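This one's a predicted model, so the numbers in the text were calculated from it and none came from an experiment. No hydrogens, no waters, no symmetry mates; every other heavy atom, side chains included, goes into these values. Each chain gets a letter, A, B and so on, in the order the sequences are listed, and its residues count up from 1.
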Amino acid sequence: NAGVTQTPKFQVLKTGQSMTLQCAQDMNHNSMYWYRQDPGMGLRLIYYSASEGTTDKGEVPNGYNVSRLNKREFSLRLESAAPSQTSVYFCASSEAWGSEAFFGQGTRLTVV
Amino acid sequence: GQQVMQIPQYQHVQEGEDFTTYCNSSTTLSNIQWYKQRPGGHPVFLIQLVKSGEVKKQKRLTFQFGEAKKNSSLHITATQTTDVGTYFCAGDNQAGTALIFGKGTTLSVSS
């Protein structure tokens with residue numbers, strides 16, 4: 001039982017490049033989330049999907065797009081990467097809103 | 001917008017001393033969750049509190065939810081080096097559809 005799997009684990013991008021962070025969960029959870037973590041800023045919610053077929057903006061959605069491909073997968077896309085998007089990105093899922101969230105191992109992204 | 005605030009941001013203790021972190025929300029929460037993140041790791045769920053005034057214990061950890069459901073605390077008795085990490089509280093957003101995290105309290109313990 002893998003839980004929440006994120007790929008890639010590390011990535012370096014040049015300013016202006018695009019990329020997609022992949023996330024998949026095998027726990028049949030309804031809700032999925034993308035957070036970014038920066039030093040001293042805690043975990044900030046980028047986008048979330050309360051159920052399959054829905055997505056909503058979180059606290060810091062600018063510069064990102066998401067796709068809830070199916071119940072298992074929730075991807076995060078950076079269309080034109082900027083140095084301010086250098087961060088650690090965590091995907092998480094929960095059975096339902098308000099229940100325990102399970103996190104992936106994180107993706108360490110550097111934009112130069 | 002809604003905020004979840006934690007204090008202190010950092011705390012250093014000697015092994016065996018107690019530690020407390022406090023969490024305050026600008027809005028009433030339906031529940032509050034606590035997570036621990038070890039250095040270089042990912043957040044791991046510790047506990048969820050739902051009821052006003054609720055107190056839960058996990059070995060040396062004591063969690064409280066305030067009567068007004070706007071604040072919470074985590075108290076560790078007799079810290080150990082294994083307690084090192086960042087402790088986050090998290091509450092629901094105003095739409096009630098996602099978790100908003102505090103900035104965390106980073107605990108360091110020296111032996």
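The distance from the CG atom of L43(A) to the CD atom of Q37(B) is 6.0 Å, given to the nearest 0.5 Å. The structure places CG of L99(B) at 8.5 Å from CG of L45(A), a figure rounded to the nearest 0.5 Å. Interatomic distance, CD of Q37(A) versus NZ of K103(B), reported as 12.5 Å (0.5 Å rounding). Separation of atoms CD (Q33(B)) and CD (E100(A)) is listed at 7.5 Å; rounding is to 0.5 Å.
Proximity to chain B is absent for every atom of S94(A), based on heavy atoms less than 4.5 angstrom apart. Looking at F103(A), the atoms closer than 4.5 Å to chain B (heavy atoms on both sides) sit in the backbone and in the side chain alike. For T86(B), no part lies under 4.5 angstrom from a heavy atom of chain A. Interface remark: Q6(B) contributes no atoms to any contact with chain A (heavy atom separation under 4.5 Å). Residue R108(A) touches chain B through its side chain alone, counting heavy-atom pairs closer than 4.5 Å.
F102(A) has its side chain out of reach of H42(B): every pair of non-hydrogen atoms, C-beta onward, lies at least 4.5 Å apart.
Annotation: E95(A), atom CD; neighbour count of heavy atoms from other residues, nucleotides and ligands within 6.0 Å does not exceed 12. No more than 12 heavy atoms of other residues, nucleotides or ligands lie within 6.0 Å of OH in Y22(B), so this atom counts as exposed by the packing criterion.
Top candidate by heavy-atom pairs under 4.5 Å with chain B, chosen from G106(A), G104(A), G58(A), is G104(A). Highest contact tally toward chain A, considering only P43(B), A90(B), G102(B), is held by P43(B) [criterion: heavy-atom pairs under 4.5 Å].
Taking the six-membered ring for Trp, Y35(A) and F101(B) have ring centres closer than 6.0 Å.
Following chains of ILVMFWY side-chain contacts shorter than 4.5 Å, one cannot reach M32(A) starting from F45(B), and the two form parts of different hydrophobic clusters.
A donor-acceptor pair under 3.5 Å links the side-chain atoms of Y35(B) to the main chain of A101(A), judged by distance alone.
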